[in-house]
Each structure stands twice: as C-alpha cells, then as structure tokens.
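The structure appears right after this line, and notes come after that.
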Amino acid sequence: MEVPEFFPPPENLTAAVVHPLCEEWKGGSEVAIFHLASIFLVLGFMGGSGFYGLLYLFTFLTLGFFCTTIWSWSDACTTDTFLWNFALFGVCAVQVVHVAYRLRNVTFEKEFQDLYSYLFKKLGVSLTHFGKIVACCEGDIHTIEKDHCFAMEGKTAIDKLSVLLSGRIRVTVNGEFLHYIYPFQFLDSPEWDSLRPAEEGLFQVTLRADNCCRYVSWRRKKLYLLFAKHRYIAKVFALVVRNDIADKLYSLNDKAFDSRGFRYDLRLPTYCHVPPLPELDRTDAFLRVPAQYDHGHRARVSITITAPKETVS
C-alpha cells in the first residue's frame, strides 16, 4: 500500500508559490487618487447627526468612492473592486440627493425660522419635528392692526394657542393694565393651561394690539391630535407654555406691593379673592395689592391687582 503524498514534490513547490514581488514603490497618478480617496473617506466618517451631518457624511463618501472607482479602473485585474466601488459611489450619490431634497422641504419662512431659533432650537427640537408643528398651523401667519383686539374679556372663546411674532400686545382686566406681551411669547398660555382638552372657556382678560402685530395660531383640536401622535412634541409644548406662564407671573410679582409697601410674592399659595379696598392709595410707580392679616399673621392677597392707567404714545 502506497502512502499518499500530502505535499507536492520539491520541484513543483517553487512553481506553485511564485508571485510577482514589489521591487520598488509604485508611483503615478493612480496612487495619488487612492490617497485622496482615503482622505475623503476619513473626513466623511467624521460627520455628525441631523440633516446637515448626513449631507456632510454622504458628500465626502461620494467623493471618496468616486476616487476609488477611478483608481480601480486603472488596473484591468480589479474588475470586482471597480464594480463594488462604483456601486457604493452610486448609493452615496443617491443619498446626497435624498437628504438635500428633505432638507429643502424643511426650510421655512423667516418668521418661522426666527420662532424656531428663539423658542425651539435651544430645547434640541429637530427641524423634522418643527416641520410637523408648522404643518399643524398650515404655515399661516395672522395680522392684528393697531388698537384691534385679539381677545375680549368674557366674550372670546379659548379655542387656540398663539405665539406673537412681532409687535406688542397690551393685557388688561376690567380696564386696568396688567402687563405687555412681547415677540415670541404666548398670547394665551394661561388660558390654554387652565382648560382640559374637553373643556371650554372664555378669556378673562382683554388683549389689544399696541401696534401692528403678527402671530401664529394652532387650533386646539388639531394641536391635541398632533400631541396624540407625537408625545415628544406634547412634552415640548408643555415645557414652553408653562415657562411662558412663569415669566408672566414673575413680571406681575415684580410690581405687586401690599398697602404697607412690602413686596408680595404671587407664588405663595395662601391667597383668596377679595374685593379691592377703596381706601388704599394708588401710586404711579407700583401696582397695589390689598392685604389683610389673620390671627396667624398670614397674608391673604386679592388676585385682582389694580394699576394706574397708561396712555399709549
């Protein structure tokens, strides 16, 4: 019985392992293209997130795979390498066009862009989510002429949520001035937060334009449908609305003084509604808050805050 030969004879071993050797560093334009492709790929993989990050990523990958396609074309023995690089080049080029088209679709008018930059961008809201918010209001911007009212006390229904984009709104109750509303503040955040989705109510204040104003509004029903589909957007609106309410409360707190000249903190929970006292003095500098003291020396302050009437110049 012959023993099988597992190895070829020595005379055939040399012929089986003969390969071309690299005798010198190969130079030329194809080598420079290969190095350029590697640089493009490194830069591409350093891209970030978001639409602009994706556009950056796929742009450099497209350039990198285009260079590797040219490099592999220069060698007739690398047909498979050429086909793979060309396929990757095509995929990345399609992605660049797709991302650029989506980025074009989420561009907005200047006023909406300013609203995004001032109110939503600092919260990390993406342009995609902001696009859904703008689509909910159908991209409509409304105008209020000077001395026209956005809402009338006890008459206007609370059926929307609005943000002032330009101008200034004066807020009054029973003819008495409360505070101003400035651009990128909500017009009706207290009213919105005071009602549940199924409840209805009327404005308890009057909102009048001091000059020509522009604002954007979202209908309650459409906005609640958007909240039901996107819980993230609901949380964002809850945050910005309540932050706006806090800002308005602090603006009133800075002007609230009792009859003895002490500043009253409207955040205190121990207050009740009492009629204003006629004997209290009124000054031009501060708002007066009627105060009474019970046996526990705990202040009870009227929510109705009176103030001197101001003239609009």
Side-chain angles (χ1 to χ4, degrees), residues 47-55 99 102-142 150-151 156-166 169 171 179-205 207 213-253 265-269:
S49 59
F51 282 109
Y52 291 102
L54 290 176
L55 188 62
V99 173
R102 292 183 61 188
L103 188 62
R104 178 179 177 273
N105 283 347
V106 294
T107 55
F108 311 102
E109 298 180 14
K110 183 180 182 303
E111 289 171 305
F112 282 113
Q113 192 66 41
D114 293 340
L115 176 64
Y116 172 75
S117 300
Y118 189 89
L119 201 60
F120 294 98
K121 185 177 181 179
K122 58 186 178 182
L123 298 177
V125 179
S126 65
L127 288 175
T128 304
H129 285 104
F130 185 69
K132 293 181 173 63
I133 296 173
V134 174
C136 184
C137 69
E138 298 179 355
D140 294 334
I141 298 177
H142 308 277
F150 172 81
T156 305
I158 305 171
D159 59 353
K160 56 188 174 183
L161 180 65
S162 306
V163 176
L164 186 64
L165 298 178
S166 63
I169 297 290
V171 182
H179 61 87
Y180 287 114
I181 298 177
Y182 297 99
F184 306 114
Q185 291 183 335
F186 285 91
L187 294 172
D188 43 9
S189 54
E191 290 77 12
W192 169 272
D193 198 58
S194 65
L195 297 179
R196 294 180 180 179
E199 295 179 342
E200 297 181 356
L202 300 176
F203 276 83
Q204 301 302 311
V205 293
L207 283 73
C213 301
R214 290 170 66 80
Y215 68 95
V216 57
S217 288
W218 295 271
R219 291 290 175 181
R220 286 178 64 88
K221 293 183 179 179
K222 294 187 66 175
L223 199 53
Y224 277 121
L225 288 176
L226 180 66
F227 292 167
K229 295 179 180 178
H230 304 280
R231 299 301 301 170
Y232 172 74
I233 296 178
K235 294 178 181 179
V236 169
F237 265 86
L239 178 62
V240 295
V241 167
R242 291 168 185 175
N243 181 71
D244 184 80
I245 295 174
D247 290 340
K248 290 180 172 64
L249 186 62
Y250 275 112
S251 68
L252 290 177
N253 184 66
D265 194 341
L266 293 177
R267 296 168 295 175
L268 295 177

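Because the structure is predicted, anything quoted here is derived from the model rather than measured.
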Exercise answer: donor-acceptor pairs, residues 221-246 side-chain atoms, under 3.5 Å, sequence neighbours excluded:
unit_1, atom_1, unit_2, atom_2, d
K222, NZ, C136, O, 3.4
K222, NZ, E138, OE2, 3.2
R242, NE, D193, OD1, 3.4
D244, OD1, F186, N, 3.2
D244, OD1, K248, NZ, 3.2
D244, OD2, S189, OG, 2.6
D244, OD2, K248, NZ, 2.3

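- Residue pairs that meet the salt bridge (Lys or Arg N to Asp or Glu O under 4.0 Å) test with at least one member in residues 123-135, sequence neighbours left out, do not exist here.
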Show, in sequence, the C-alpha distance, side-chain angles and deciding distance for R220 and L161, and conclude whether the side-chain contact (heavy atoms from CB on, under 4.5 Å) test is met. CA-CA 7 Å; R220 286 178 64 88; L161 180 65; over 6 Å; no

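- Residues H129 and V125 share a closest heavy-atom pair of CB-CG1, 3.9 Å.
- How far CG of L119 is from CD of Q185: 10.0 Å, rounded to the nearest 0.5 Å.
- Atom OH of Y180 and atom CD1 of I169 lie 11.5 Å apart (nearest 0.5 Å).
- The two residues W218 and L115 make their nearest non-hydrogen contact at CH2-CD2, 4.5 Å.
- With sequence neighbours excluded, the residues forming a side-chain hydrogen bond (donor to acceptor under 3.5 Å, both in side chains) with S162 are S217, listed by chain and number.
- By the side chain to side chain contact (heavy atoms under 4.5 Å, CB included) test, S194 is found to be paired with no residue, residues two or more places apart in sequence or in another chain being considered.
- Distance check, rounded to the nearest 0.5 Å: OH of Y182 to OG of S166 gives 14.5 Å.
- Residue pairs meeting the salt bridge (Lys or Arg N to Asp or Glu O under 4.0 Å) criterion with at least one partner in residues 107-126, sequence neighbours excluded, are K110-D114, E111-R214.
- By the ring-ring contact (aromatic ring centres under 6.0 Å, His included) test, Y215 pairs with H142, F150, sequence neighbours left out.
- The ring-ring contact (aromatic ring centres under 6.0 Å, His included) search around F130 returns F108, Y116, F120, not counting sequence neighbours.
- Among all heavy-atom pairs drawn from I158 and L202, the shortest one is CD1-O, 3.6 Å.
- Between the CG atom in D188 and the CG atom in D159 there is a gap of 9.0 Å [rounded to 0.5 Å].
- Taking each heavy atom of L207 and L187 in turn, the nearest pair found is CD2-O, 3.2 Å.
- Between H179 and V171, some side-chain heavy-atom pair lies under the 4.5 Å cut-off.
- Residues passing the side chain to side chain contact (heavy atoms under 4.5 Å, CB included) test with E200, sequence neighbours excluded: none.
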